[in-house]
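See structure below.
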Amino acid sequence: MALEFERPILELEARIQELERTASEQGLDFSEEIELLKAKLDRLQREIFGNLTAWQRVQLARAPGRPTTLDVIEALFEEFAELRGDRAFADDAAIVGGVARFHGEEVVVVGHQKGRNTRENIARNFGMPHPEGYRKAMRLMDLADKTGRPFIAFVDTPGAYPGVSAEERGQAWVIARSIQRMSRLKVPAVVVILGEGGSGGALAIGVGNRVLIMENAWYSVISPESCAAILWRDAKEAERAAEALKLTARDLLRLGVVDRVVPGPKGGAHRNPEAACRELDRALVETLEDLKGLSPEAIWEDRYRRFRRLGVFEEV
Amino acid sequence: MALEFERPILELEARIQELERTASEQGLDFSEEIELLKAKLDRLQREIFGNLTAWQRVQLARAPGRPTTLDVIEALFEEFAELRGDRAFADDAAIVGGVARFHGEEVVVVGHQKGRNTRENIARNFGMPHPEGYRKAMRLMDLADKTGRPFIAFVDTPGAYPGVSAEERGQAWVIARSIQRMSRLKVPAVVVILGEGGSGGALAIGVGNRVLIMENAWYSVISPESCAAILWRDAKEAERAAEALKLTARDLLRLGVVDRVVPGPKGGAHRNPEAACRELDRALVETLEDLKGLSPEAIWEDRYRRFRRLGVFEEV
Amino acid sequence: MALDRLFRRRRTRGQAREVPELWVRCAACEAQVYRKDLEQALWVCPECGYHHRISAERWVALLADEGSFEPTTGRVRPADPLGFVDTEPYPERLRRYQEKTGRPDAIHGGRATVGGVPTVLLVMDYAFAGGSMGSVVGEEITRGAELAAEENRALVIVAASGGARMQEGALSLMQMAKTTMALDRLFAKRLPYVSILTDPTTGGVTASFATLADVIFAEPGALVGFAGPRVIKQTIRQDLPEGFQRAEFLQKHGLIDAVVDRRQLKEQLVQTLSLLYPGEGHGA
Amino acid sequence: MALDRLFRRRRTRGQAREVPELWVRCAACEAQVYRKDLEQALWVCPECGYHHRISAERWVALLADEGSFEPTTGRVRPADPLGFVDTEPYPERLRRYQEKTGRPDAIHGGRATVGGVPTVLLVMDYAFAGGSMGSVVGEEITRGAELAAEENRALVIVAASGGARMQEGALSLMQMAKTTMALDRLFAKRLPYVSILTDPTTGGVTASFATLADVIFAEPGALVGFAGPRVIKQTIRQDLPEGFQRAEFLQKHGLIDAVVDRRQLKEQLVQTLSLLYPGEGHGA
Ligand SMILES: [Zn+2]
Ligand SMILES: [Zn+2]
């Protein structure tokens with residue numbers, strides 16, 4: 001399951017481990033060699049992860065083992081009661097949510113949910129919601145407003161499901177309404193782009209007062225593959241498209257699309273989800289703290305202004 | 001298509017017509033006989049329609065030719081723009097609605113819609129809505145609140161559709177939500193029971209500040225047939241059930257379930273829909289006039305109090 | 001699912017037949033179960049998992065913290081506004097149910113704490129006229145919601161009902177609107193409302209307060225819907241799909257939050273209430 | 001339906017091929033139509049009813065009361081925030097579209113009256129980069145809604161779009177939120193918003209302002225959806241149902257209020273606006 005570009009690192013790690021085992025089994029002293037290899041590993045890691053291409057980051061964002069919404073909820077929240085269903089048509093497993101306790105404070109939480117393996121991924125439709133998923137999200141937004149609790153959304157989807165069933169039930173309509181509903185929240189809304197932020201299906205729960213992004217997550221108007229298929233008529237040009245789309249955390253920060261990048265552990269969040277969660281925990285606490293004490297009207301106005309200024313153009 | 005109990009009247013009418021035709025064709029003077037017959041007709045009408053049983057009224061409420069929601073809209077409103085769909089799943093033809101102009105004032109209107117013949121009735125599911133119909137109604141309630149226009153609802157349904165599809169999509173849930181949504185309207189809401197007011201499927205759009213009922217319409221917790229099937233284990237006892245349920249306009253007025261009975265023309269609204277509509281027009285104008293000038297909060301409170309006091313019990 | 005097969009064989013009444021003394025026969029799988037075991041399992045059959053119907057008092061004992069319950073229902077008594085007579089006069093019927101259940105109508109409840117959360121806990125009693133909602137049930141639900149709003153309590157309702165009470169005609173229907181509207185007094189104060197749907201809950205109760213909760217739980221296998229299965233069968237003239245209108249079906253169709261085994265219900269309710277209840281200072 | 005068969009044969013561009021001078025060939029049925037007849041019929045083919053795509057200027061002429069239109073768009077011009085290069089640099093592309101259409105980006109509109117109702121009328125131009133929404137379209141829609149709110153005007157938007165503009169990356173995506181939020185300024189003043197969906201409207205435009213109108217009309221046969229048909233076909237690996245995502249399909253699925261023939265559109269729009277517009281004294 002290793003990504004192409006992390007192979008050299010994993011091989012070196014394996015060699016170090018082997019050497020350590022041999023040393024301990026045979027009672028030999030390889031400490032000098034091991035030190036050398038570790039230094040080399042460190043250099044290699046810095047070299048590779050210090051110069052990740054956009055496309056490599058896209059792959060990291062999709063890497064199995066990277067914390068999903070439920071992983072993050074479990075790691076960060078003291079308690080979580082999952083609420084299910086849209087009260088109208090179905091329960092969409094591609095979106096999860098409920099009420100939770102975060103550092104002693106009750107919050108309402110929602111997020112796209114990918115599977116952690118193939119079986120789960122099929123059940124969760126690879127994190128691609130149908131309209132009922134967004135209706136569930138809207139129901140949770142209602143609950144946040146009703147209870148006056150902060151709303152936290154975790155974004156991690158390749159996109160809303162592009163299928164016949166979803167179109168029949170008004171996929172575009174429900175995404176529009178979810179954007180609208182979220183923009184009307186009278187409570188602080190914090191969004192975290194966890195892994196993939198695929199287009200409108202991501203934005204539907206992305207209208208936060210603050211939008212954080214995990215290192216190596218991406219957020220874009222279109223996936224690199226689809227963009228390549230359209231512009232270069234070849235999905236294999238995805239690498240070029242990923243570069244051109246400026247979809248990485250730093251690019252988005254520069255464009256004002258996100259407000260803060262949550263630093264990730266060396267080697268990627270999929271290799272050390274705990275460390276990634278610890279950093280996210282800190283960032284979330286600080287962000288919620290920032291938004292405290294604002295009146296419902298001020299919260300609403302703050303969100304309006306945040307999005308109002310997005311866009312780059314010239315004026316004659 | 002005549003109802004059993006109106007046969008004698010129709011026969012007498014036919015005889016008078018025949019006599020009049022003969023007189024005019026053959027140049028004879030039957031005026032005395034005709035006068036006599038007309039007097040008899042008048043007596044007969046008063047006798048039959050002055051002593052209608054509950055069950056006869058139920059039949060009148062269902063009689064073809066009785067004005068439906070669209071008939072009433074056409075007769076009473078200067079303009080009507082129909083709005084369709086629940087923006088989520090389907091357009092339910094069993095509920096119609098839109099924006100309209102009533103005596104120069106814009107209103108939002110909704111109502112159950114039965115067919116005027118078998119083909120129409122199949123298309124409109126005999127006026128029995130699915131969940132999407134109630135979602136359409138709720139969408140129109142949203143529009144009434146948004147535009148600040150009075151909301152007028154015409155009730156005419158045997159009940160919400162009791163089928164697998166409706167249950168799968170949460171029939172009970174959507175009726176509950178429609179009741180809730182309507183009770184929260186910040187604009188005057190006037191309900192008119194046009195023909196049949198069948199149970200929860202009727203009440204879903206029946207939460208008005210004022211509830212009017214047309215003469216010979218019925219409104220009940222259960223249809224006489226179903227009630228008979230349960231209590232007497234025989235749907236043929238519907239006549240007894242109709243009596244017992246106290247579902248006629250006068251009974252409901254006495255119980256406080258409705259606020260005003262709109263008088264109907266001699267012989268029933270299905271024989272003279274124009275006259276029935278004229279009476280309704282007057283009643284609607286007066287009722288809306290009554291509710292004018294109340295603040296949104298007063299409107300809401302008025303509706304709350306209206307329903308809060310309904311119920312008969314003893315207190316120890 | 002094994003449960004589904006069992007429901008079909010289940011006896012209509014739903015209550016375990018009490019064989020004298022020590023043994024009880026499960027209403028679903030017909031296994032002979034040691035009475036104490038069944039009681040300990042909160043009347044969930046240890047053999048097949050069938051949830052037997054339990055009395056309103058047992059529901060209170062199951063959900064309220066020990067010693068915290070203080071009844072508020074019972075002072076409102078049914079009348080006969082329609083002078084309703086079917087095979088017997090309505091007042092006669094009422095008297096029989098009152099004797100059988102020891103309460104004036106199909107509801108029992110009051111103040112309680114649930115996991116320490118101040119609550120108004122209301123339980124519908126299916127043994128009383130099939131848990132049907134007339135003026136009294138409507139009034140008690142309404143007062144319960146108002147009491148909760150007034151005293152900053154959460155609201156928990158255990159629903160079980162065949163629907164509206166026919167013998168009170170349109171007045172029963174009006175209780176759907178009345179109870180629904182009363183919930184807004186609660187919601188205006190940000191107080192939570194949890195609904196627990198038990199077997200069966202249909203008609204006017206499902207189409208009003210019971211499905212308007214912030215969180216909806218249902219017991220495994222509970223039949224919940226608007227129209228009853230018999231009516232639907234008559235309408236569509238074909239057999240109903242397997243598991244139709246059962247709790248598991250409802251969850252699949254997004255209508256409830258969770259199917260909860262009775263043995264985990266209190267725990268899950270406490271967690272939910274503690275996460276939703278505004279706590280000191282918030283509620284006012 | 002006859003229309004359905006025709007759409008399949010329709011040429012991709014959707015614009016009638018202009019045979020020199022007097023005759024025009026219908027893009028759907030390929031009939032030779034007398035140019036003046038077609039113009040008179042508002043570019044609806046008199047033979048088959050196919051609605052040819054018309055320019056933004058023609059839309060304005062069709063909907064605005066004569067002489068009432070006063071443009072407000074055109075001062076906002078696109079930039080190249082990403083330095084985007086695909087087969088050519090983004091600024092090059094823009095220049096070509098600007099030359100072709102004579103406007104800075106894919107939107108045209110301004111103040112107008114429609115049946116006497118003061119309106120802000122905005123038309124998306126499919127000829128400009130497939131009507132894609134980048135920063136300029138987003139900003140113009142936003143300003144249009146704000147202008148309407150400020151001057152108590154109704155808002156009418158004629159949508160036509162392949163989706164968001166890829167070349168501006170996530171900034172294009174953000175226009176969906178920006179435009180959606182701007183509508184609330186309008187709604188807060190009880191001003192109406194009518195959306196007219198034309199062929200095709202997909203992606204980010206459909207999933208934001210275009211479907212949030214009080215009233216939604218669509219032209220006969222217009223393809224409207226979130227994902228494009230090609231993407232969906234790739235996903236489900238089977239042919240799409242007949243008429244899928246067409247206006248008539250949308251109406252059946254409850255997503256729009258009416259499919260309106262272009263020749264009746266102005267009349268229906270005027271009626272709708274006159275019923276929804278608050279009029280003097282209400283709007284403030
Ligand atoms: Zn058993
Ligand atoms: Zn043609």
Side-chain angles (χ1 to χ4, degrees), chain A residues 159-177 179-180 182-184 197 199-204 206-207 219-222 226-232 237 240-241 244-247 251-252 255-258 303-304 306-316, chain D residues 74-82 84-87 104-105 134-136 138-139 142 163-178 180-184 202-204 206-212 224-228 231-232 234-236 240-241 244-245 249 253-255:
Chain A
Y161 182 62
V164 172
S165 52
E167 294 287 327
E168 277 177 351
R169 301 203 286 275
Q171 188 74 288
W173 278 252
V174 79
I175 290 174
R177 279 191 38 215
I179 292 171
Q180 184 178 61
M182 193 166 179
S183 78
R184 290 174 174 173
S199 184
L203 178 65
V207 191
Y219 190 19
S220 170
V221 69
I222 189 168
S226 301
C227 178
I230 295 170
L231 292 183
W232 287 275
E237 298 287 348
R240 260 163 89 180
L245 283 167
K246 299 284 183 284
L247 47 59
D251 288 328
L252 296 166
L255 291 168
V257 171
V258 305
R303 201 181 304 112
Y304 184 82
R306 185 194 182 285
F307 284 88
R308 178 65 187 87
R309 64 179 157 70
L310 288 175
V312 174
F313 49 82
E314 289 156 14
E315 187 123 22
V316 203
Chain D
R75 300 182 38 189
V76 181
R77 299 182 64 87
D80 181 19
L82 270 49
F84 200 98
V85 179
D86 51 284
T87 49
D105 211 310
S135 297
V136 172
E139 182 69 18
T142 301
R165 180 148 327 151
M166 283 176 288
Q167 290 86 349
E168 296 183 27
L171 286 174
S172 296
L173 185 66
M174 295 301 113
Q175 306 310 310
M176 293 169 64
K178 185 165 106 177
T180 294
M181 292 167 92
L183 296 176
D184 273 351
T202 59
T206 323
S208 63
F209 65 88
T211 53
L212 291 169
V224 182
F226 180 61
V231 176
I232 298 173
Q234 267 174 25
T235 307
I236 63 167
L240 299 178
F244 180 65
Q245 293 186 318
F249 168 97
H253 286 282
L255 301 172

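Only heavy atoms go into these numbers, but all of them, side chains included; no hydrogens, no water, no symmetry mates. Residue numbers begin at 1 in each chain, while the letters A, B, ... track the order of the sequences. Bear in mind the structure is a predicted one, so any value in this text is a computation, not a measurement.
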Tell me, do [X] and [Y] make a side-chain contact under 4.5 Å, heavy atoms counted?
X	Y	answer
Arg77(D)	Phe313(A)	no
Leu82(D)	Leu255(A)	yes
Tyr161(A)	Thr235(D)	yes

Hey, what do you get for [atom1] ([X]) to [atom2] ([Y]), rounding to the nearest 0.5 Å?
X	Y	atom1	atom2	result
Thr142(D)	Leu310(A)	OG1	CG	10.5 Å
Phe226(D)	Glu167(A)	CZ	CD	8.0 Å
Leu245(A)	Asp86(D)	CG	CG	10.0 Å
Leu212(D)	Gln180(A)	CG	CD	4.5 Å

Atom group of [X] that falls short of 4.5 Å from chain D, counting heavy atoms:
X	result
Ile222(A)	side chain
Trp232(A)	side chain
Leu203(A)	side chain
Val164(A)	both
Arg240(A)	side chain

Find the one option among [options] whose heavy-atom pairs under 4.5 Å with chain A are most numerous.
options	result
Ala177(D), Gly163(D), Gly203(D), Ala164(D)	Ala177(D)
Gly204(D), Gly228(D), Gly169(D)	Gly169(D)
Ser172(D), Gly74(D), Gly225(D), Gly134(D)	Gly225(D)

If I compare all heavy atoms of [X] with all of [Y], which pair ends up nearest, and what's the gap?
X	Y	answer
Cys227(A)	Phe84(D)	SG-CZ, 4.4 Å
Ser183(A)	Met181(D)	CB-CG, 3.4 Å
Ser135(D)	Val312(A)	OG-N, 3.0 Å
Ala170(D)	Leu252(A)	CB-CD2, 3.5 Å
Ala176(A)	Thr206(D)	CB-O, 4.4 Å
Phe307(A)	Lys178(D)	O-CD, 3.4 Å

Per-residue contact mode, [X] against chain A (heavy atom under 4.5 angstrom):
X	answer
Pro104(D)	neither
Gln234(D)	neither
Asp184(D)	side chain
Val85(D)	backbone
Phe209(D)	neither
Ala182(D)	both
Ile236(D)	side chain

Under 4.0 Å between a Lys/Arg side-chain N and an Asp/Glu carboxylate O for Arg308(A) and Glu139(D)?
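Yes.
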Name the option with the most non-hydrogen atom pairs under 4.5 Å to chain D; the candidates are Ser199(A), Ala229(A), Gly206(A), Ser220(A).
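When all of Ser199(A), Ala229(A), Gly206(A), Ser220(A) are compared, Ser199(A) has the most.
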Specify which of Glu314(A), Glu237(A), Arg177(A) makes the most heavy-atom pairs with chain D at under 4.5 Å.
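The candidate making the most pairs under 4.5 Å is Glu314(A).
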Donor-acceptor contact below 3.5 Å, side chain Trp173(A) vs main chain Leu255(D)
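Yes: the side chain of Trp173(A) pairs with the backbone of Leu255(D).
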Please answer whether the main-chain N or O of Arg75(D) pairs with a side-chain N or O of Glu315(A) as donor and acceptor at a distance below 3.5 Å.
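Not confirmed, Glu315(A) side chain does not pair with Arg75(D) backbone.
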